[in-house]
Amino acid sequence: MAVQKPSVPKGTRDFSPIEMVKRNYIFDTIKGVFKRFGYLPIETPSMENLSTLTGKYGDEGDKLLFKVLNSGDYLSKVKSDLTKAESSKLALEISEKGLRYDLTVPFARFVVQHLSEITFPFKRYQIQPVWRADRPQKGRYREFYQCDVDVIGSNSLLNEVELIQIIDQIFQKLNINAVIKLNNRKILLGIAEYIGEPEKFIDITVAIDKLDKIGLEKVNEELLLKGLSADSIEKLKPIFDLAGTNQEKLTLLREILKDSETGIKGIEEVETVINYFETLPLNIDLDLDLTLARGLNYYTGAIFEVKAKDVAIGSICGGGRYDDLTGMFGLKDVSGVGVSFGADRIYDVMEQLNIFPDEIVASTKVMFVNFGDKEEKYCLPLLQKLRDNGINSEIFPESSKMKKQMTYANNKNIPIVVLVGEDEMNKGLLTVKDMVSGDQAEMTFDELLNKFSL
RNA sequence: GUGGUUGUAGCUCAGUUGGUUAGAGUGCCUGAUUGUGGUUCAGGAAGUCGCCGGUUCGAACCCGGUCUCCCACCCCA
């Protein structure tokens with residue numbers, strides 16, 4: 001067989017030991033906070049039935065689904081004329097499974113399917129990879145991990161508040177400066193009603209989402225293109241211009257949207273969440289951002305997005321409330337709310353800021369130089385004692401040249417090297433070298449141990 | 001999915017108008033130093049120039065395709 005150059009598919013990556021140590025640090029931190037708030041883990045399959053996935057993420061989302069080819073002679077079962085078949089229709093005939101696009105929709109499916117085993121409110125977390133057939137860029141992968149927390153079966157806004165607390169804790173623990181942007185789909189719907197274009201709701205949200213990126217003028221152009229009247233667009237302006245504190249924005253908004261029942265409901269929801277937030281001793285900033293829309297169509301209430309303040313990489317966490325996701329699987333009137341942490345982007349942020357704690361690379365504290373068979377046998381019990389005392393230690397596995405062994409210790413940042421040769425064995429002492437200062441001294445094993453008990 | 005961009009030693013990158021044997025820094029290996037790393041000095045190994053094809057007497061360089069990376073759009077973690 002011809003030798004092939006090894007490679008992984010576009011947008012996917014291998015992770016080396018160093019990367020995994022750092023990734024696990026992120027996962028463990030996130031998981032720890034989830035557990036602290038009483039959430040329990042679940043997992044779902046990498047593949048879902050395509051019918052479970054399609055239609056949940058909007059047209060764009062459907063295009064980004066990875067589809068899995070049916071097994072066997074899938075073409076023989078195709079009914080369409082292959083010479084003029086549309087790809088999108090043909091896909092449904094030759095593929096009935098797809099890789100999951102997020103963890104929220106599979107979770108909704110899970111809830112409905114396992115209803116009898118679940119007590120509401122159901123608090124679950126789920127940390128698994130998801131796949132999107134997007135074109136990769138920095139901070140944008142085709143396979144990436146999401147860390148979801150959701151509580152389903154409770155309308156209480158206390159859940160929204162709890163999510164904010166969770167976000168606060170996680171980013172505090174990871175030492176990332178972040179800001180939570182908060183909005184509410186009901187407010188956006190109210191705005192669409194207020195300007196007299198409720199049926200253009202999706203177009204409006206998608207356009208105003210880009211406000212801080214492309215500016216007011218371009219947004220207006222896009223809205224015009226989508227068929228909004230110039231009048232409607234003019235009415236949007238004061239809403240974009242809203243400034244001041246969260247409370248000030250809400251007061252103004254309440255006046256503007258006073259005739260929209262939905263809008264007022266959204267304002268009240270946001271107000272409640274913000275009022276809770278202000279009574280809590282949290283570190284993170286919470287910004288009411290009316291231009292936050294989020295593309296996922298299943299959100300109905302609060303929407304969140306978290307951005308790192310010090311790195312431009314898009315959102316590192318996002319989510320919101322969905323009132324009818326389970327409805328699509330036949331379970332009505334069960335509302336849920338949750339957020340998803342993007343582990344890969346969080347990694348990129350931490351890497352760029354160089355804020356991974358040194359100690360997570362649990363490195364060796366003591367290395368014994370290997371001088372040969374007799375010395376090995378002499379050192380092994382000492383090594384055992386160090387380990388029993390919780391000191392990470394190792395012996396170089398071969399009696400290589402000193403230079404090689406010392407270089408190894410140096411590159412691995414091992415702070416203490418112990419040399420035990422014939423001399424030391426006869427005297428019952430160890431030569432202990434401090435690799436930072438370069439000093440070395442003879443001492444007993446107990447004296448070495450004492451160095452660590454300080 | 002649309003448009004653009006990148007790919008040369010393990011890593012970061014030079015490489016002239018197409019012209020003999022493709023370079024540098026860093027890392028690695030060896031020695032100066034047989035039981036002493038991190039500094040210094042001397043030496044050494046290392047490249048199908050992303051891949052496939054074409055043009056040409058001759059291609060890292062020009063052309064086509066393809067893969068990958070990155071950027072913008074779209075969308076998003």
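Chain letters run A, B, ... following the sequence lines, proteins first, then strands; residues in each count from 1.
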Does [N] have its OP1 or OP2 closer than 4.0 Å to a side-chain nitrogen or oxygen of [X]?
X: Lys404(A); N: U30(B); result: no
X: Gln405(A); N: U36(B); result: no
X: Asn370(A); N: G35(B); result: no
X: Lys10(A); N: U68(B); result: yes

Problem - A77(B) base stacked by Phe144(A) (centroids within less than 5.5 Å, tilt under 30°) - result: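 So Phe144(A) counts as stacking on the base.
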For [N] and [M], measure between their [atom1] atoms and round to the nearest Å.
N: C69(B); M: C11(B); atom1: P; result: 15 Å
N: U26(B); M: G35(B); atom1: P; result: 29 Å
N: C61(B); M: U8(B); atom1: P; result: 14 Å
N: U16(B); M: A77(B); atom1: C1'; result: 46 Å
N: G43(B); M: U56(B); atom1: P; result: 46 Å
N: A24(B); M: U5(B); atom1: P; result: 31 Å
N: G27(B); M: G44(B); atom1: C1'; result: 14 Å
N: G15(B); M: U55(B); atom1: P; result: 29 Å

Practice task
Could you tell me how the ring of Tyr347(A) sits relative to the ring of Phe356(A): parallel (under 30°), tilted (30 to 60°) or perpendicular (over 60°)?
Solution key: tilted
Problem - Geometric class of the Phe396(A)/Tyr408(A) ring pair [parallel <30°, tilted 30-60°, perpendicular >60°] - result: perpendicular
In terms of side-chain heavy atoms of [X], which of [options] is nearest?
X: Thr431(A); options: C74(B), G35(B), C70(B); answer: G35(B)
X: Ser315(A); options: G37(B), A77(B), C74(B); answer: A77(B)
X: Val206(A); options: C75(B), U36(B), U30(B); answer: C75(B)
X: Lys401(A); options: U30(B), C70(B), C28(B); answer: U30(B)
X: Arg135(A); options: A77(B), C71(B), U36(B); answer: C71(B)
X: Met435(A); options: C75(B), G37(B), U36(B); answer: G37(B)
X: Met402(A); options: U36(B), U2(B), C76(B); answer: U36(B)
X: Lys433(A); options: U36(B), C74(B), A77(B); answer: U36(B)

Practice task
Decide yes or no on salt bridge (Lys or Arg N to Asp or Glu O under 4.0 Å) for Asp102(A) and Lys56(A), but give the supporting numbers first.
Solution key: CA-CA 10 Å; Asp102(A) 73 356; Lys56(A) 311 296 189 299; over 6 Å; no
Handout entry: Verdict with reasoning, Glu394(A) to Lys412(A), per salt bridge (Lys or Arg N to Asp or Glu O under 4.0 Å)
Key = CA-CA 12 Å; Glu394(A) 60 183 297; Lys412(A) 223 173 156 181; 2.9 Å; yes
Just checking [X]: base, sugar-phosphate only, or nothing, at a heavy-atom cut-off of under 4.0 Å?
X: Glu60(A); value: sugar-phosphate
X: Gly11(A); value: sugar-phosphate
X: Tyr141(A); value: base
X: Val436(A); value: base
X: Gly139(A); value: base
X: Ile316(A); value: sugar-phosphate
X: Asp423(A); value: base
X: Glu424(A); value: base
X: Cys317(A); value: sugar-phosphate

Problem - Most 5' of Asp134(A) and Val8(A) on RNA chain B, judged by nearest nucleotide - result: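 Whichever sits nearer the 5' end wins; that is Val8(A).
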Fill in the blank from the handout: RNA chain B nearest-nucleotide lookup for Gly421(A) and Lys210(A): closer to the 5′ end is Gly421(A)
Starting from [atom2] on [N], measure out to [atom1] on [X] and report it in whole angstrom.
X: Arg140(A); N: C74(B); atom1: CZ; atom2: C1'; answer: 8 Å
X: Asp439(A); N: G37(B); atom1: CG; atom2: P; answer: 15 Å
X: Phe396(A); N: G37(B); atom1: CZ; atom2: C1'; answer: 12 Å

Problem - Salt bridge flag under 4.0 Å for residues Glu60(A) and Lys63(A) - result: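 Salt bridge: yes.
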Problem - Ion pair check, Glu398(A) and Lys404(A), cut-off under 4.0 Å - result: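 Answer for the salt bridge query: no.
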Look up atom [atom1] in [X] and atom [atom2] in [Y], then write down how far apart they are to the nearest 0.5 Å.
X: Asn184(A); Y: Leu189(A); atom1: CG; atom2: CG; value: 10.0 Å
X: Leu282(A); Y: Ile180(A); atom1: CG; atom2: CD1; value: 8.0 Å
X: Arg23(A); Y: Asp344(A); atom1: CZ; atom2: CG; value: 4.5 Å

Exercise for the section: Show your working on ring-ring contact (aromatic ring centres under 6.0 Å, His included) between Phe171(A) and Phe341(A) and close with a plain yes or no. Expected result: CA-CA 10 Å; Phe171(A) 289 118; Phe341(A) 292 79; 5.7 Å; yes
Handout entry: 5'-to-3' dot-bracket of RNA chain B (Watson-Crick, G-U; under 3.5 angstrom; crossing pairs as [ ]; | other strand)
Key = ((((..(..((((.....[...)))).(((((.......))))).....(((((..]....))))))..))))....
